[in-house]
Engineer: 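First, the structure itself, so that you have it in front of you.
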Amino acid sequence: MSIHLKLILVALFASLAFDHSLCGKKKNCYTIKVDEGERVLVRASFNYDNYDGKLSPPTFDLQFDGNFWATVNTSTTFRVISHEAIYVVKRNFTSICVAQTHPGQLPFISALEIRSLDANMYGSVHPTFALLLVVRAALGANETNIRYPVDPYDRIWEAATGAFGLTTVSNEASSIKVTTPPDNPPPLVLQNAVTSSSTLIGINIITKLPEKPTPFFMATYFSEVTQLGSGQKRSFKLFIDSKAVSASIVPTFGAASEVYIANRIASASNQISLLADDDSTLPPLINAMEVYTLSGELTNGTNAKDVVGLGLLQNGFEVLKGWSGDPCLPSPYSWDWIDCNSDDMPRISVGYDLAGSVPDFSSMDALQTIDLSDNSLDGPIPDFLGTFPNLALLNLSNNRFTGPIPSSLLKNKKLKLL
Ligand SMILES: *[C@@H]1O[C@H](CO)[C@@H](O)[C@H](O)[C@H]1NC(C)=O
Ligand SMILES: *[C@@H]1O[C@H](CO)[C@@H](O)[C@H](O)[C@H]1NC(C)=O
Ligand SMILES: *[C@@H]1O[C@H](CO)[C@@H](O)[C@H](O)[C@H]1NC(C)=O
Ligand SMILES: *[C@@H]1O[C@H](CO)[C@@H](O)[C@H](O)[C@H]1NC(C)=O
Ligand SMILES: *[C@@H]1O[C@H](CO)[C@@H](O)[C@H](O)[C@H]1NC(C)=O
């Protein structure tokens, strides 16, 4: 496997806080250019560490591309909190936001890491959902936090011993080929495993799934740790409670295999385990695993043409520049100076003290209302204002426009001019 970490962005902040009280913004975002349709791994970390001297760790929301991601409660002051999501981006950028949810509690972020994954990885989960990491473990590993450069995608694998009563074994293979597992675990996480003490005893997997039944994705990775003798056989299945959810798993010495569970719902009270087949002479083992919950269905975001048009408006007016992330989503974290209707088409309504000439934002062809009243706009009234097919109200009153009313506006019969 070639090392091909594509590092898109790693930002480390000495805890950067966002003061919303000063400007009334509901969210603060980072927008990072990525390839459209690319699958990315995003890790956001929060280390309160009393950076503001107030001994008052805040709670706030984390969002990406207009989707709710997680509630971040930093009250566990002396611990770094990390959230990791894997998703397919729908545009040629992705934006990660922190949003205020409690008065006086200011969101902050300590680090944001974005990695690009291979297109086929985690492809067993439909791209309308994001994978939200619960646990990723290298079982029996003696080195903790295996990550880049060992894992070219910079996933972090925690060393774990598994449940009480399991034995750690190390792999006797001189090298482990990882060619078939679709999710490309690094060979080092297959270097060790945990096993139960007899074929009669299963391995209970601690999934850390939530209490509430949740759609989840679980990948388990296997590699036989020893060259088996002629009478030996290690064969087992993955179970949810008493139901087998895999075919027989027979790990290969010197190679890796993956068995995953996708498109199922489980909670903390479901027991996920590995149980030996009747004809197995050796107990089950497991080398590494990942557990994710699935997000809700991902939004397509605010209409792309509107996003472009709003960007042009922002370029035109300094006072609008501070707003970032998806303009409308998630509701209610839309930008203050636009109104969004339920099908996510924004309409400009809130007046800011805009001065100067109006930039061409005609790409926002879904606009129904444009209220630019009570500003200090000057120059001629732009012709493009008459070309919006759905525009029903245009309020330009109380500005300093000069010159004639463009013919496009006069011709537009549907429009109520003010
Ligand atoms: C954050 O967690 C702490 C400790 O669990 C809890 O006391 C507090 O109520 C939580 N804050 C919010 C806003 O949920
Ligand atoms: C991203 O997409 C927009 C709209 O499709 C396009 O105008 C812009 O040039 C693209 N940017 C990059 C860097 O590809
Ligand atoms: C981990 O185990 C390997 C052999 O299994 C050993 O060579 C290595 O020194 C161990 N590393 C640590 C940090 O204990
Ligand atoms: C996003 O767009 C796709 C393709 O146009 C559509 O099938 C899907 O339903 C949309 N998703 C949402 C959440 O609106
Ligand atoms: C147009 O703007 C003016 C000034 O803000 C306001 O008084 C008036 O009510 C607006 N008209 C409509 C129909 O919104």
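No experiment lies behind these values; they were computed from the predicted model shown. Whatever order the structure lists ligands and atoms in, that order sets their numbers, starting from 1. Position 1 is the first residue of the sequence, and the numbers go up from there.
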Engineer: Quick test of your reading of the model: are R43 and D154 salt-bridged, counting only N-O distances below 4.0 Å?
Structural biologist: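 So R43 pairs with D154 through a salt bridge.
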
Engineer: By number and element, which atoms of ligand 5 are closer than 4.0 Å to a non-hydrogen atom of S397?
Structural biologist: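 Heavy-atom distances to S397 below 4.0 Å select 1 (C), 2 (O), 3 (C), 4 (C).
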
Engineer: Between K27 (side chain only) and Y333 (backbone N and O only), is there a donor and an acceptor less than 3.5 Å apart?
Structural biologist: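 Yes, K27 side chain to Y333 backbone: donor-acceptor pair under 3.5 Å.
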
Engineer: For L298, which part has a heavy atom under 4.0 Å from ligand 4: side chain, backbone, both, or neither?
Structural biologist: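 Looking at L298 and ligand 4, just backbone atoms fall under 4.0 Å.
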
Engineer: One thing to verify: whether D151 and R147 come together as a salt bridge, which I'm taking to mean a side-chain N less than 4.0 angstrom from a carboxylate O.
Structural biologist: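 Between D151 and R147 there is no salt bridge, as every charged N stays at least 4.0 Å from the carboxylate O atoms.
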
Engineer: Does E318 CD have over 12 foreign heavy atoms under 6.0 Å away?
Structural biologist: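 Atom CD in E318 is not packed in, count stays at 12 or less.
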
Engineer: Look at R136 together with E158 and state whether they make a salt bridge at an N to O cut-off of under 4.0 Å.
Structural biologist: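 Looking at E158 together with R136, the answer is no, because their closest N to O distance does not fall below 4.0 Å.
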
Engineer: For ligand 5, which is the ligand I care about here, please tell me if N395 has any N or O atom under 3.5 Å from one of the ligand's N or O atoms.
Structural biologist: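 Yes, at least one N or O pair falls under 3.5 Å.
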
Engineer: Less than 4.0 Å between a side-chain N and a carboxylate O, is that true for D65 and K90?
Structural biologist: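 Judged by the 4.0 Å cut-off on N to carboxylate O distance, K90 and D65 do not form a salt bridge.
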
Engineer: Can you name the atoms of ligand 4, numbered from 1 with element, that are less than 4.0 Å from a heavy atom of N300?
Structural biologist: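 Matching atoms, with element in brackets: 1 (C), 2 (O), 3 (C), 8 (C), 10 (C), 11 (N), 12 (C), 14 (O).
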
Engineer: Write out the protein residues near ligand 1, meaning a non-hydrogen atom under 4.0 Å from one of its atoms, in order of chain and number.
Structural biologist: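 The answer is T59, N73, S75, H102, counting any residue whose heavy atom sits under 4.0 Å from ligand 1.
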
Engineer: Please name the pair of heavy atoms, one in S95 and one in D326, separated by the smallest distance, quoted to 0.1 Å.
Structural biologist: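 The answer is OG-N, 4.1 Å.
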
Engineer: Taking the six-membered ring for Trp and the single ring otherwise, decide whether the centroids of Y122 and Y292 are under 6.0 Å apart.
Structural biologist: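 Here the rings of Y292 and Y122 have centres that are less than 6.0 Å from each other.
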
